[in-house]
Protein chains: 2
Amino acid sequence: MSERAWELVLQHVESAMLAGDLAVGDRLPGERALSADLGVGRSSVREALRALEVLGLVRTATGSGPSAGAFITATPQGGMSALMRLQVAARGFPVADVVATRLLLERTVAERLAERNAAASPEASGPVGTGDDPLADARRLLDAMDAPGLPAADFIGLDAAFHLALAVAAGNEVVAATMAGLRSGIERYTIAGAEAVADWPRMAARLRAEHRAVLDAIDAGDPALAGARIHEHISRYHADTAVPATRGTRP
Amino acid sequence: MSERAWELVLQHVESAMLAGDLAVGDRLPGERALSADLGVGRSSVREALRALEVLGLVRTATGSGPSAGAFITATPQGGMSALMRLQVAARGFPVADVVATRLLLERTVAERLAERNAAASPEASGPVGTGDDPLADARRLLDAMDAPGLPAADFIGLDAAFHLALAVAAGNEVVAATMAGLRSGIERYTIAGAEAVADWPRMAARLRAEHRAVLDAIDAGDPALAGARIHEHISRYHADTAVPATRGTRP
DNA sequence: GTACCAGATGTGGTCAGACCACACCGCGCG
DNA sequence: CGCGCGGTGTGGTCTGACCACATCTGGTAC
């Protein structure tokens, strides 16, 4: 009863998705049609669509024809990134907690990847896998990071993509999206930290070596080693680039 | 340039938070004032506020006086819950991945809690802690679950609160919020699963015992045991109550 | 002097209508 | 047959109006 009109629209869309009437890729009715169907104003429909958009559930396109309109699109990384970024900005998520969570998730991801290789290796190029390397993307990114004279900002971007590629390779959508979000939440501090590094080429070289070491441990099927190495990699970087940016939260 | 008007408002608020001009508890300027200040329509301001609201960053209240208006409030659990719930509804997050992530996080939480106790116990009622039991809430919830004749729905609610209490006790805001969100995402299936259990009192008794066992392992300062027990607890429950609800994703 | 009640005030919530920019679609011209 | 230009329908935005609500204010009754 005391329901706000836009929440009604939100629930309508959610119900439709749960019932299977709306799936990823489907186009929603036009804003004017939804407005008329649900008996609410168009502005209320738009507020609900905005909410769905920031959560990564809807993508809108202007114009006309089949490619225009609002589409269902499950892109949780976008929503997760916005959530983390803003919660960090509002001091609801301490940066330390974000880093700790990333540490936790990434260590487990590395362990799982190594475990999978350990289970598969006894079969000697086992026929189970189709031969595709789930870490191909990660390896490609590592090679790209070897480019000499790479600007720090570009390196950081590739670094983020590498860590995300590991999470994606682990095959868990939720973990991958969360990792992407966590990274976004502390991106500002990561960049600031990199810029404060005195000898960046040296740091980049160290990071490259550590990345390779992590991948080697995964390939070797050694969960404990892979976990320890990635844990060390991340915590060491954050310790070395710690910026007193979280100070002064008291006015 | 091609910025949508409501994104401009969003960025304005984010910048203000990062600059410290807006902090949790502060009241935002009125919608009409923001509209005038930023040179956008009031509807665009409202769309941005709606986005902030679903992300758990803003709370609005009607009326007049000091308690009315839009306030900054970092309540990430709300935003995380909406995100997870809708992504699961859209099949962007497979239920299995949500469960796996919960397993991962909760196991680590239990291990950390046990580790903390292991480190503190040698000191024999060490003076480090103030004497407060961080798991007091969890214990209280366990006691509440002992109530005879408790309806399954109420039990499920207390169970969720118990698991969340563990995450909160670990002291990581991000993990706690994520856990709450994960739980919300699969709440529907959890309830459906419980209702399908033939001998619920027996199941409840088992769950109660497992909860106590987990807490005992934590108190004993045994990380491996605590982790294994909570892993077993969750995975066993989901295996026993598995509902073929994720089937039929193909129309 | 005090207690209380009624109107003024200002907030978010909603609706209606209008206009714009944009991308497609089809008719008609060359 | 090919091409261009206007029609059409989409989201994006703005404006103005009204409502519900909680508070504040001031006057009135006691």
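Below, chains carry the letters A, B, ... as their sequence lines are ordered, and counting in each starts from 1.
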Trainee: Tell me the interatomic distance from A:Glu31, atom CD, to D:dG11, atom C1', rounded to whole angstroms.
Mentor: 5 Å

Trainee: Starting at atom CH2 of B:Trp6, determine the distance to atom P of D:dT13, rounded to an integer number of angstrom.
Mentor: 9 Å

Trainee: Do the side chains of A:Asp137 and A:Arg140 get nearer than 4.5 Å, heavy atoms only?
Mentor: yes

Trainee: Any heavy-atom pair between the side chains of A:Thr190 and A:Thr241 that's under 4.5 Å?
Mentor: no

Trainee: Using a cut-off of less than 4.0 Å, is there contact between a side-chain N or O of A:Ser35 and OP1 or OP2 of C:dC15?
Mentor: no

Trainee: List the atom pairs, with distances to 0.1 Å, where a side-chain N or O of residues 67-83 of chain B and a protein N or O form a donor-acceptor pair under 3.5 Å, not counting sequence neighbours.
Mentor:
from	atom 1	to	atom 2	distance (Å)
B:Thr75	OG1	B:Gly56	O	3.2
B:Ser81	OG	B:Gln77	O	2.8
B:Ser81	OG	B:Ser184	OG	3.0

Trainee: What I want to find out is whether B:Glu31 reaches B:Arg46 closely enough, with some N-O distance under 4.0 Å, to be called a salt bridge.
Mentor: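 Yes, B:Glu31 and B:Arg46 are salt-bridged.
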
Trainee: End-to-end bend of the helix from C:dG1-D:dC30 to C:dG30-D:dC1 (five-pair axes, 10° rounding)?
Mentor: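 Axis angle across the helix from C:dG1-D:dC30 to C:dG30-D:dC1, nearest 10°: 20°.
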
Trainee: Take nucleotides 16-25 of chain D nucleotide by nucleotide from the 5' end and write B, S or -, depending on whether a protein heavy atom sits under 4.0 Å from the base, only from the sugar-phosphate, or from neither.
Mentor: -BB--BBSS-

Trainee: Could you state the CD-P distance from B:Glu7 to D:dG11, rounded to the nearest angstrom?
Mentor: 17 Å

Trainee: Among residues 44-55 of chain B, which contact DNA chain C at a heavy-atom distance under 4.0 Å?
Mentor: B:Arg46, B:Arg50

Trainee: In the structure I gave you, are the side-chain heavy atoms of B:Tyr189 and B:Val88 within less than 4.5 Å of one another anywhere?
Mentor: yes

Trainee: Name all residues meeting the side-chain hydrogen bond (donor to acceptor under 3.5 Å, both in side chains) criterion together with B:Thr101; count only those two or more places apart in sequence or in a different chain, and write none if there are none.
Mentor: A:Asn172

Trainee: I'd like to check the salt bridge (charged side-chain N to carboxylate O under 4.0 Å, His left out) partners of B:Arg27; sequence neighbours left out, ordered by chain and number.
Mentor: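 Scan of B:Arg27 (salt bridge (charged side-chain N to carboxylate O under 4.0 Å, His left out), adjacent residues dropped) gives none.
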
Trainee: List in chain and number order the residues that pass side-chain hydrogen bond (donor to acceptor under 3.5 Å, both in side chains) with A:Glu7, two or more places apart in sequence or in another chain; answer none if no residue qualifies.
Mentor: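 Per chain and number, A:Glu7 pairs via side-chain hydrogen bond (donor to acceptor under 3.5 Å, both in side chains) with A:Arg4.
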
Trainee: Need to verify one output field. Residue with the more 5' nearest nucleotide on DNA chain D, A:Ser43 or A:Gly30?
Mentor: A:Gly30

Trainee: Name the atoms and distances for all side-chain donor-acceptor pairs under 3.5 Å in residues 173-183 of chain B, with sequence neighbours left out.
Mentor:
from	atom 1	to	atom 2	distance (Å)
B:Thr178	OG1	B:Val174	O	2.7
B:Arg183	NH1	B:Asp159	OD1	3.3

Trainee: Using whole Å, what does the distance between atom P of nucleotide D:dT13 and atom CG of B:Leu10 come to?
Mentor: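 Value for this atom pair: 12 Å.
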
Trainee: Do any pairs count as a ring pair (Phe, Tyr, Trp, His ring centres under 6.0 Å) and have a residue in residues 132-158 of chain B, sequence neighbours left out, and if so which ones?
Mentor: B:Phe155-B:Trp200

Trainee: Could you state the atom-to-atom distance from CG of A:Leu34 to C1' of C:dC15 in whole Å?
Mentor: 16 Å

Trainee: Nearest nucleotide by nearest heavy atom, which residue falls closer to the 5' end of DNA chain D, A:Leu28 or B:Gly41?
Mentor: A:Leu28

Trainee: Nearest-Å distance, CZ (A:Arg59) to P (D:dG12)?
Mentor: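 Computing the A:Arg59:CZ to D:dG12:P distance gives 11 Å.
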
Trainee: Separation of A:Leu38 atom CG from C:dC15 atom P, in whole Å?
Mentor: 10 Å

Trainee: Run the side-chain hydrogen bond (donor to acceptor under 3.5 Å, both in side chains) test against A:Asp146 and tell me which residues pass, sequence neighbours left out.
Mentor: A:Arg212

Trainee: Output a table of nitrogen or oxygen pairs between the protein and nucleotides 26-28 of chain C separated by less than 3.5 Å.
Mentor:
none

Trainee: Can you tell me how far the CG atom of A:Leu49 sits from the CG atom of A:Leu34, to the nearest 0.5 Å?
Mentor: 7.0 Å

Trainee: Tell me, please, which residues at least two apart from B:Glu187 pass side-chain hydrogen bond (donor to acceptor under 3.5 Å, both in side chains).
Mentor: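 In terms of side-chain hydrogen bond (donor to acceptor under 3.5 Å, both in side chains), with neighbours along the sequence ignored, B:Glu187 is linked to no residue.
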
Trainee: Would you call B:Leu86 and A:Met17 a side-chain contact if the rule is heavy atoms closer than 4.5 Å?
Mentor: yes

Trainee: Figure out the CZ/C1' separation between A:Arg27 and D:dG11, and round it to whole Å.
Mentor: 12 Å

